[in-house]
There are 2 protein chains.
Amino acid sequence: MKRPTMKDVARAAGVSPMTVSRVVAGEAGVAPETAARVGQAVRKLGYQRNDNARSLRQKNLGTSTIGLVVDDLANPFYALMARSVEDEAHRRGHVVLVGSTNDEPQREREVIAAFTARQVDGLIIVPTIGSHAFLKRQMAGGTQVVCVDRPARGLAVDTVTVDNRAAAMRAVTHLLGHGHTRIAYLGDRFDIWTQAERYAGYLDALAAHGIPEDPALVRHELRSHPQARDALAVLRTLPEPPTALFTSNDLITLGVLDGLDHPAPLALVGFDDLPLGERLTPPLTVVSQDPVALGGTAANLLFSRIAGDRSAPRSVVLLTRFVVRGSGEFRTAAG
Amino acid sequence: MKRPTMKDVARAAGVSPMTVSRVVAGEAGVAPETAARVGQAVRKLGYQRNDNARSLRQKNLGTSTIGLVVDDLANPFYALMARSVEDEAHRRGHVVLVGSTNDEPQREREVIAAFTARQVDGLIIVPTIGSHAFLKRQMAGGTQVVCVDRPARGLAVDTVTVDNRAAAMRAVTHLLGHGHTRIAYLGDRFDIWTQAERYAGYLDALAAHGIPEDPALVRHELRSHPQARDALAVLRTLPEPPTALFTSNDLITLGVLDGLDHPAPLALVGFDDLPLGERLTPPLTVVSQDPVALGGTAANLLFSRIAGDRSAPRSVVLLTRFVVRGSGEFRTAAG
DNA sequence: TTGAAAGCGCTAACAA
DNA sequence: TTGTTAGCGCTTTCAA
């Protein structure tokens, strides 16, 4: 039982395939009765146009398909972003191919290759580390590209990020303002752009207060909940342990929460909000990003490129919110 | 600057397009030096095969694209499911089109139509209410369909769900076992299958204990966090207010948490776990589903159908876990 | 207003 | 081992 083609519909309606094409595409210039006859045949046979064949012929219209490449779709942050992109695409009659990279350049290239092989009109990418110069060829072929969350190395395209460095500086300054001088930094892979930015913000804040960096208080490469938890346990065994923590993403914040209150509570400010963060005791003080705005902005940029905008690449920086709720307002014993 | 085609590569390598096709497809029977020449031309031109054109010609191979249609991709539950489906697809060299329905049959049909127009090999669907008989035509045309989370009305296909009714009964029985007799039910739209099942489980538990249902304690149609919060506020004004709550999904649990401890704490068991549920005070007692297993199972079923399995539709019921953590173990004043 | 011919990029089937 | 021909389902172009 094969699916019917335009030829089948044409035969059933006693017209040529070309006429069916016009009716299905909603073009003017078909006699009303002819259109009605075709419409009936379409319904009778359950005909649906093959849009892949269509876009093969119509090179100017594209495939009405875009690709979204994120770090990890299961991360609520990227899930919200994806939903936002999907909504923008849906509004414009596009569909979305989605793929996760796990921050692995290898998998990113596979995913992007699979998407471009299907002739996507554009890509929204959360770039992994590693050069993205290979995308220049795709772009020369007409594929539009927008980066979100992080810039891509070696590729000048529209990019949407947040004010990572300034926000991190503000968060750490907040802790300094509450009397803390021994503030630990717990971060993910340093080669991830957002992490490097946030670490730089941490250093900015210390420097502004004339506090030298203590390498013993800095932990990078924390890739999981347990690793973050264990890193905190180690920090607590130091001769001069930290009295406050700055955690540079949601996963690390989650891990750190396990050991936060025992034996003694530590002050904590995290980057990224958590769903129930306000209901914890104490409620979490965080730097909050808006993934919906990130995704929506990226999608809007992409669609204006797809619509033909060829102006110079733009860089959009969205602002974070600093949300004071309690966990960052513990004073030190000394303070 | 158009993207190169096989013809361009053929010209550059001094062979016919057919030879290029064979080399790119990795077929045997091409002389090594010829293959090398073609390979060089491919790299020089940055050639990438147009897989849409390919699958137009090769009807037996399909498009290596599947569609995933969920309620709301931004919901962490479905995001985890989506990631799980994506991983299974990636392993098999497929890509995933993803769309959200918002539980609107209209949007669901649009999304599904957009996917089938692009000749997806199969669909994994979280069905909205409303008949899905319209999918029979797609299936006759060769599109495989698997349902997940809920069954589709009017369509006999592989379906993966959890033991909603039994799990809800167990949860409510747990509250009864702690002395509660006035247990409120707070649920989402009753026409959503999972909600009806969970409500049935609630009634089962009451009936098993010989407790008559009190309609004043039952609230359906709670579609958002604020609605759930307000519903609880109303319940607290009853002459005989509930001493315990059963909330039938994560969104409702979140809303109810706002008013749970004031003025007096109520016992609470929720359906669906929340990311930080174990760190609340008191920690949440919940029925926990495994979205990764749901998605993975659905994907496996779908890919075996795509591979040619034509056996009778299967119905797979995965088990939930009941996680006792504190919020459901308050005793009543009376108990 | 309708249709015939050609071709998008690729590959099945055949021939050389 | 390589190439030729035809055609997947559709639309552009042109003619009727």
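The model shown is predicted, which means the values in this text are computed figures rather than measured ones. Residue numbers start from 1 in every chain, and the chains themselves are labelled A, B, ... in the order their sequence lines are given, proteins ahead of strands.
At a cut-off of 3.5 Å, with distance as the only test, no side-chain donor of A/S100 or A/R107 sits close to an acceptor on the other residue. If you check the side chains of B/S311 and B/D309, you find a donor sitting under 3.5 Å from an acceptor. Defined by atom type and a distance below 3.5 Å, a donor-acceptor pair is present between the side-chain atoms of B/E110 and A/H90. Side chains of A/Q119 and A/T63: no donor on one and acceptor on the other come within 3.5 Å.
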- prompt: What string of B, S and - do you get for nucleotides 8-16 of chain C, 5' to 3', when a contact is any protein heavy atom under 4.0 Å?
  reply: BBBBB----
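Separating the CZ atom of B/R37 from the C1' atom of D/dT1 is a distance of 12 Å, rounded to the nearest angstrom.
A donor-acceptor contact shorter than 3.5 Å links the side chain of A/T159 to the backbone of A/V157. The backbone N or O of A/M6 sits nowhere less than 3.5 Å from a side-chain atom of A/R49 that would complete a donor-acceptor pair. Between the side chain of B/D8 and the backbone N or O of B/T5, at least one donor-acceptor pair lies under 3.5 Å.
Each side chain to side chain donor-acceptor pair (under 3.5 Å) pair with one or both residues in residues 36-46 of chain B, not counting sequence neighbours, would appear here, but there are none.
Note on the helix from C/dT1-D/dA16 to C/dA16-D/dT1: terminal axis deviation equals 40°, with five pairs used at each end and the result rounded to 10°.
If you check D/dG3, D/dT2, C/dT1 against the side chain of B/V15, the one that comes closest is D/dG3.
OP1 and OP2 of D/dC10 both lie 4.0 Å or more from every side-chain N or O belonging to A/S55. Between B/T19 and D/dG3, a side-chain N or O to OP1/OP2 separation shorter than 4.0 Å is present. Checking the phosphate oxygens (OP1, OP2) of C/dT1, no side-chain nitrogen or oxygen of A/T34 falls inside 4.0 Å.
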